[in-house]
Amino acid sequence: MNIDHVFQRSAHEAGTVNLDKSNYYLGTISEVSAAAATIQIENLSILQGRIFQRESFVPGGMNYMIIVASENGIFIGRVKRNAIKDSESIHVLMKTGKLDAIYPQTAAEMLAYIPPFMDVFRPTGFSSVAIHDKVYLAPEEVITRYYQSLEVLDSAKGERSLIPFATLAVKSNLKIGFKPATLFSRHLMIIGSTGSGKSTSALSILDKASNDGEKILIIDPTGEYKDTFDENEIDKLHLGEDTCIVPGSVSIDQWIDLLQASPGIQAPSLMNAILALRFQWKNDLKGEVYQKIGTTFAQIETNMANLSSEDTNFNFTCLEQQMLQESVSEKKFSNGELEKDYFKANANRPLVERLQQFQQSPMFRKLFADASQNSLTERLDAFFEGKRSLYVDASTINSGDQVGQLIVDFICRRIEECKQRKQQAFILFIDEVHRYVKRQTNDGSLVEDGLTTLAREGRKLGVYLLLTTQSPNDVSKILIAQMGSMLIHRLTQPDELFSIKNYLDEDSRHQIQKLDQGEAILTSVNLMHDIQLKMDKSKRSHANSSPSLQCESK
């Protein structure tokens, strides 16, 4: 393909007979370096704004696209700098309107090129433009073809693009869509400070993915997305109302995390209490605690040995009283008979008080009910085996982040447990994920939660993550490292910018602090270059607006 073919094709796409390339001409390459190519503009009047075929060009600014006709192919680049010499003679020429005698210089970064006898853009690699190559403004058709060529993932080639959810920041009339594999094959995280448009971007992507028929699992601990999707297009369940978590389906480790049991005495006591109540459930003693005072450790071990991996159910309402039975030790000068140990009782007292606090909450009791016919586990299993999307509303339990962490961890581990099943791939969406990902235990040691494990292994299972967070520093580095794509809105803190600097090119790093609401930079291992976008706002309802201080008086 040569430069004439480029403008012939652009004319065809524009629905006109011909595009005169002289109208798009800027100048020639005068200097070449690894960072940028310098363009000698013919005269200053060429940099004046113009409109061709309903396309608006402002060559005197920056970030607009140019093409270079070279022996190595057709290069496309982005203008990074425009300048004219600062001298008295130049000022005189400008004042007298003699723009044809002023010769500006422009610096442009070469982004990609179309090799000879090919039709798609490729990374420039070792190829470069040469001195005296001619430079033109890039017609819209060329820009569109360039962005369509940005997706370098082989597995995306057989997919159709999602409905566009953004426009190019450098060309606001050009809609752009991406293939699902490009966005999600290595997971997608949306980052941005409060008010930057992060949630709006997430909803726009979810909207287009849902309209395109993609299967989605939404975990909503705040209820922001309660009315976003119609029940005809997505199944809905409400924890604490029509769906519960069966206590036996929660692992002992998850109970320890939820109740913040310390590793010394509290965690083993809680584990033993749950095992004792499982034994009671198995022997149809569901409403009774397991009496340990007066028995022996040998008798207890014999009974616990009868439990199988299937014996997981227990009566959560008895857990507080069972914890009181765990503060025991062998009585002196006896045959191993157990008596109350006041030291252990004092150590376990904070945990017992937390249990009491949880059990006094009506919504917490609803969340951990015994009605297995409405269990979250069964609803998740139905989602895995079916084709419909699922929305999980956890806002009705009126709980803090600890329960939210449990719910997210529980669902992620359930997905991992069902990895052997043949299931349709789906997107797992979690908003404000930093609230629900536990990064360390009470003793300060690192812990890998279910979401981090899923981020590592999820692609093999057909599970692709869509996460949002206000700051990259609020999420563990392990989880961040699993994100192959990031949609980054405005960030202002130096430590936040530093933590993502390796994901962005130099120009993008400078733009992050200047982004307006709704503007973002998409960076991905599946794209040749970062892309600056203006996100489209979805028409779906989203309960994330803040109340105004200037309310009408009643």
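For clarity, every value in this text was computed on a predicted model and none was experimentally measured.
- Looking at Arg388, its side chain does come within 3.5 Å of a backbone N or O of Asn232 through a donor-acceptor pair.
- Using modelled atom types, one side-chain atom of Asp505 and one backbone atom of Ser508 make a donor-acceptor pair closer than 3.5 Å.
- Annotation: cation-pi pair Lys501/Phe498 present, NZ/CZ under 6.0 Å from the ring centroid and within 45° of its normal.
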Run the numbers on Gln470 and Ser193 for side-chain contact (heavy atoms from CB on, under 4.5 Å), then give the verdict. CA-CA 5 Å; Gln470 294 181 12; Ser193 58; 6.0 Å; no
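- Below 30°, between 30° and 60°, or above 60°: for His187 and Tyr464 the angle between ring planes is between 30° and 60°, a tilted geometry.
- Atom CD1 of Ile512 sits about 5.0 Å away from atom CD1 of Ile500, to the nearest 0.5 Å.
- The side-chain heavy atoms of Leu188 and Ile205, taken from C-beta on, include a pair separated by under 4.5 Å.
- Put simply, the side chain of Asp207 never gets that close to the backbone of Leu203: no donor and acceptor are under 3.5 Å apart.
- A donor atom on one side chain and an acceptor atom on the other are not found under 3.5 Å apart for Asn2 and Asp4.
- No donor-acceptor pair under 3.5 Å is formed between the side chain of Thr200 and the backbone N or O of Lys537.
- When atom types are taken as modelled, the side chain of Asn82 and the backbone of Pro59 share a donor-acceptor pair closer than 3.5 angstrom.
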Verify side-chain contact (heavy atoms from CB on, under 4.5 Å) between Leu26 and Thr106, making sure each step is shown before the conclusion. CA-CA 10 Å; Leu26 288 177; Thr106 296; over 6 Å; no
Evaluate the criterion side chain to side chain donor-acceptor pair (under 3.5 Å) for residue pair Asn526 and Thr182; output intermediate values, then yes/no. CA-CA 6 Å; Asn526 300 325; Thr182 300; 5.6 Å; no
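- Under the 4.5 Å side-chain criterion, counting only non-hydrogen atoms from C-beta, Phe384 is not in contact with Leu461.
- The backbone N or O of Ser541 lies less than 3.5 Å from a partner atom in the side chain of Thr228, making a donor-acceptor pair.
- No side-chain heavy atom of Gln511 sits less than 4.5 Å from a side-chain heavy atom of Glu519.
- A donor-acceptor pair under 3.5 Å is formed between the side chain of Thr468 and the backbone N or O of Glu432.
- Checked by atom type and distance alone, the side chain of Tyr113 never pairs as donor or acceptor with a backbone atom of Ser128 at under 3.5 Å.
- Put simply, the side chain of Met65 reaches to within 4.5 Å of the side chain of Ile76, judged on heavy atoms.
- If you check the side chains of Ser201 and His489, you find a donor sitting under 3.5 Å from an acceptor.
- Residues forming a salt bridge (charged side-chain N to carboxylate O under 4.0 Å, His left out) with Asp119 (at least two apart in sequence, or on another chain): Arg9, Arg145.
- One side chain, Asp530 or Thr523, offers a donor N or O that lies under 3.5 Å from an acceptor on the other.
- When side chains are defined from C-beta on, Leu162 counts as touching Pro180, because their heavy atoms get closer than 4.5 Å.
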Does the pair Tyr64 and Val58 meet the rule for a side-chain contact (heavy atoms from CB on, under 4.5 Å), with working shown? CA-CA 8 Å; Tyr64 63 90; Val58 187; over 6 Å; no
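- Note that CD1 of Ile41 is 8.5 Å distant from OG1 of Thr28, once rounded to the nearest 0.5 Å.
- Looking at Ser33, its side chain does come within 3.5 Å of a backbone N or O of Ala36 through a donor-acceptor pair.
- Atom NZ of Lys134 sits in a sparse spot, with 12 or fewer heavy atoms from other residues, nucleotides or ligands closer than 6.0 Å.
- The number of heavy-atom neighbours closer than 6.0 Å to CZ of Arg540, taken from other residues, nucleotides and ligands shown, is above 12.
- With hydrogens and angles left out, the side-chain atoms of Ser471 and Glu496 include a donor and acceptor closer than 3.5 Å.
- Judged purely by atom type and a 3.5 angstrom limit, Glu214 has no side-chain atom pairing as donor or acceptor with the backbone of Ile427.
- Taken from CG in Leu183 to CG in Leu527, the straight-line distance is 8.0 Å, to the nearest 0.5 Å.
- No cation-pi contact links Lys208 to Phe178, judged by a cut-off of 6.0 Å to the six-membered ring centre and 45° from its axis.
- Under a 4.0 Å N-O distance rule, the pair Asp536/Lys175 qualifies as a salt bridge.
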Determine, stepwise, if the pair Ser199 / Tyr225 fulfils side-chain contact (heavy atoms from CB on, under 4.5 Å). CA-CA 10 Å; Ser199 296; Tyr225 299 85; 4.2 Å; yes
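- Note: Tyr146 and His529 have tilted aromatic rings, judged against thresholds of 30 and 60 degrees for the angle between ring planes.
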